[in-house]
**Q** 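Just dropping this structure here.
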There are 2 protein chains.
Amino acid sequence: MTGVTTAAAEPAEPQPGAPAEKPRRARGEQTRQLILETALRLFRERGYAETTMRAIAKEAGVAVGNAYYYFDSKEHLIQGFYDRNQTIHRAAAEQILAGEKDLAPRLRGVLHAGIDVNAPYHSFAATFFKTAAEPSSPLSPFSRESSPAREAAIAIFRDVVDGSTAKLDPELRKELPELLWLGWMGVILFWVYDKSPGQRRTRRLIDGAVPLIDRLVSLSRLRVLRPALRQVLALIETVRKDD
Amino acid sequence: MTGVTTAAAEPAEPQPGAPAEKPRRARGEQTRQLILETALRLFRERGYAETTMRAIAKEAGVAVGNAYYYFDSKEHLIQGFYDRNQTIHRAAAEQILAGEKDLAPRLRGVLHAGIDVNAPYHSFAATFFKTAAEPSSPLSPFSRESSPAREAAIAIFRDVVDGSTAKLDPELRKELPELLWLGWMGVILFWVYDKSPGQRRTRRLIDGAVPLIDRLVSLSRLRVLRPALRQVLALIETVRKDD
DNA sequence: CACACCACTTGAACATGTTCAACTAGCAGG
DNA sequence: CCTGCTAGTTGAACATGTTCAAGTGGTGTG
């Protein structure tokens, strides 16, 4: 498991751009982990809203204020969950990508793996999603704070594309990873709302959408579609400006 | 302005399916309106999070508990906002659709009108969106409670398609309104996250996406694309099953 | 070894959404 | 006009996320 590590796992060197973190000693790191793990366990057992900060503190054997020393808010505790699943998804994806060269099964495998990882937390993830949807929230997938996690996620889809034997328009190839990630966000959105048993509708969505994407990507080299493709790429370019 | 009325405007007859509401006398209705209007005004002036229930009650000259007699929670106050903008958008859309027969400008006009209606509430809408994103929330655009509002919104896009002179595949024509509504939800999502001045990136997105959709819809009648189109329609069908 | 600094810890206090038992008042029936 | 019913109203009490001033203890330095 190389390449992606959760930001909280080890006290990384302070990066130039990032806001200065206080130095942390061994004891502090231990307490931080204790609080985080206790919180995630309680979230899983009782749900997010039903878990009070007092309960977390009590269960972890610390004072309430101590939790706030390490985490800015209750929502920030979710970031741990976020990072952890990201890492597991990455590992599962590498497993799959190592043994498959065609675009469609590569993409399909990675998407299903992503759902697999999150499946045990479906009910909890819905609440999580609510807080993530707030644009100003640091947990938003589009926020600056989650930028590293986002980049890591996009990197998975870059692997999906680059490692495949599919022939496609070079311009499209450059944009495709980010587009696939966007699609993945859409799948997650669908999944969060999916109340069917075992979220099988989401599985069907993936199984149906992947061949479609595969076909569209192939068609992208067609002469009739070139103008449309250029138009799509131009739109992306235009919209992306002054972020 | 026919067809769409806000649910809260007049004390409608108790519908068979709906949960039994307490009978409400004139005085009660008046108080309810007073609280709702006061709340929406304060939301606009100070923002949602910054407006406390105590402030609403005080400003309206009632006790805190009284607000909870009429509204189950603070979030439920938002529904009024929701309904109101829906109605205004509908009216604006009818204005535009009356004078335009081509698909692209019809769609473009309706989308821009939707943004126009919501523009004054951009910062507030972000918070609103957060609560709407919770799948279990009655405010979610996909929830059963907001089903009437959703149907009304889709109806706008049905008008956009049906009233246009565009020639398109009959199967696609049937599905297009709902797809356009889904796209509209996407635009809203983009808009909520759009921090550019005046949300001009959203405007650009609309201006860029509309001709693209127009082109794709035209291309849908092309022979090479028929299989792809059928595939898309089949996917929609599959995913929609056991809702 | 003593001292000072600072990471770390505490728990009471605060702010705010929500609940609830008690009260009020206006209308219907006698 | 009295009486009772119930929609309507009240505000204190409660639950919970968050803050903060006051410690505490370990670590590096003279």
**Q** Round to a whole Å and report the spacing from CZ of A/Arg32 to P of C/dT9.
**A**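 Roughly 13 Å, once rounded to whole Å.
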**Q** Across the strands shown, which category fits B/Val64 at heavy-atom distances under 4.0 angstrom: base, sugar-phosphate, nothing?
**A**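 Contact class for B/Val64: base.
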**Q** Starting at atom CD of B/Glu75, determine the distance to atom P of C/dT16, rounded to an integer number of angstrom.
**A**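 Atom-to-atom, B/Glu75 to C/dT16, this comes out as 17 Å.
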**Q** Establish, with yes or no, whether the OP1 or OP2 oxygen of D/dT9 is under 4.0 angstrom from a side-chain nitrogen or oxygen of B/Tyr70.
**A**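 The answer is yes; a side-chain N or O of B/Tyr70 sits under 4.0 Å from OP1 or OP2.
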**Q** Of the options C/dG17, D/dT10, C/dC8, whose atoms approach the side-chain atoms of B/Ala63 most closely?
**A**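 Per side-chain heavy atoms of B/Ala63, the pick is D/dT10.
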**Q** In whole angstroms, how far is the P atom of D/dG8 from the CZ atom of B/Phe71?
**A**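 Rounded to the whole Å, the gap is 13 Å.
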**Q** Using the side-chain hydrogen bond (donor to acceptor under 3.5 Å, both in side chains) criterion, which residues pair with B/Arg158? Sequence neighbours excluded.
**A**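 Scan of B/Arg158 (side-chain hydrogen bond (donor to acceptor under 3.5 Å, both in side chains), adjacent residues dropped) gives none.
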**Q** At how many degrees, to 10°, do the end axes of the helix from C/dC1-D/dG30 to C/dG30-D/dC1 meet when each uses five pairs?
**A**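 Rounded value for the end-axis angle: 10°.
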**Q** Given C/dT9, is OP1 or OP2 found less than 4.0 Å from the side-chain N or O atoms of A/Tyr69?
**A**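 No.
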**Q** Could you work out, with ring-ring contact (aromatic ring centres under 6.0 Å, His included) as the rule, every residue matching A/His76, not counting sequence neighbours?
**A**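 With neighbours one apart ignored, the set is empty.
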**Q** According to ring-ring contact (aromatic ring centres under 6.0 Å, His included), who are the partners of B/Tyr68, at least two apart in sequence or on a separate chain?
**A**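 Counting only residues at least two positions away or on another chain, B/Tyr68 forms no ring-ring contact (aromatic ring centres under 6.0 Å, His included).
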**Q** Applying salt bridge (charged side-chain N to carboxylate O under 4.0 Å, His left out), can you list everything that pairs with A/Arg46, at least two apart in sequence or on another chain?
**A**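 Counting only residues at least two positions away or on another chain, A/Arg46 forms no salt bridge (charged side-chain N to carboxylate O under 4.0 Å, His left out).
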**Q** Go through the structure and list residues passing side-chain hydrogen bond (donor to acceptor under 3.5 Å, both in side chains) with B/Glu237, not counting sequence neighbours.
**A**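 Applying side-chain hydrogen bond (donor to acceptor under 3.5 Å, both in side chains) to B/Glu237 gives none.
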**Q** Roughly how many Å is it from CG in B/Leu34 to P in D/dG8, rounded to a whole number?
**A**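 The distance from CG of B/Leu34 to P of D/dG8 comes to 14 Å, rounded to the nearest Å.
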**Q** Grab the CG-C1' distance between B/Asp72 and C/dG17 for me, whole Å please.
**A**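 So the CG-C1' distance, B/Asp72 to C/dG17, works out to 13 Å.
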**Q** Under the salt bridge (charged side-chain N to carboxylate O under 4.0 Å, His left out) rule, collect the residues that match up with A/Glu59, sequence neighbours excluded.
**A**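 Expected list: A/Arg41.
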**Q** Could you pull out all residues at least two apart from B/Asp207 that satisfy salt bridge (charged side-chain N to carboxylate O under 4.0 Å, His left out)?
**A**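 Result, salt bridge (charged side-chain N to carboxylate O under 4.0 Å, His left out) vs B/Asp207: B/Arg108.
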**Q** With salt bridge (charged side-chain N to carboxylate O under 4.0 Å, His left out) as the rule and sequence neighbours excluded, what pairs involving residues 110-126 of chain A come up?
**A**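 Only A/Asp116-A/Arg203 qualify under salt bridge (charged side-chain N to carboxylate O under 4.0 Å, His left out).
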**Q** Rounded to the Å, how far apart are B/Glu29 CD and D/dG8 C1'?
**A**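 Those two atoms, CD and C1', are 13 Å apart.
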**Q** Where does the angle between the aromatic ring planes of A/Phe157 and A/Trp184 fall among parallel (under 30°), tilted (30 to 60°) and perpendicular (over 60°)?
**A**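 Because their plane-to-plane angle lies in the 30° to 60° range, the rings of A/Phe157 and A/Trp184 count as tilted.
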**Q** By side-chain hydrogen bond (donor to acceptor under 3.5 Å, both in side chains), which residues pair with B/Glu178, not counting sequence neighbours?
**A**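 B/Glu178: side-chain hydrogen bond (donor to acceptor under 3.5 Å, both in side chains) contacts with B/Arg240.
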**Q** Can you tell me how far C1' of D/dT9 sits from CD1 of B/Ile35, to the nearest Å?
**A**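 In whole Å, D/dT9 C1' lies 10 Å from B/Ile35 CD1.
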**Q** Residues from residues 44-55 of chain B sitting under 4.0 Å of DNA chain C, heavy atoms only?
**A**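 Heavy-atom contacts with DNA chain C come from B/Thr51, B/Thr52, B/Met53, B/Arg54.
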**Q** Does a salt bridge link A/Arg90 with A/Asp159, judged by any charged N lying under 4.0 Å from a carboxylate O?
**A**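 Result for this pair is yes, salt bridge flagged.
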**Q** Hey, does the Lys NZ or Arg CZ of A/Lys74 hover above the aromatic six-ring of A/Phe43, less than 6.0 Å from the centre and inside 45° of the axis?
**A**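 Verdict for A/Phe43: no cation-pi partner in A/Lys74.
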**Q** Pick out the pairs of N or O atoms, protein on one side and nucleotides 20-29 of chain C on the other, that lie under 3.5 Å.
**A**
none

**Q** Below 4.0 angstrom from OP1 or OP2 of C/dT9, is there any side-chain N or O of A/Thr31?
**A**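 So the side chain of A/Thr31 is within the cut-off, an N or O lying under 4.0 Å from OP1 or OP2 of C/dT9.
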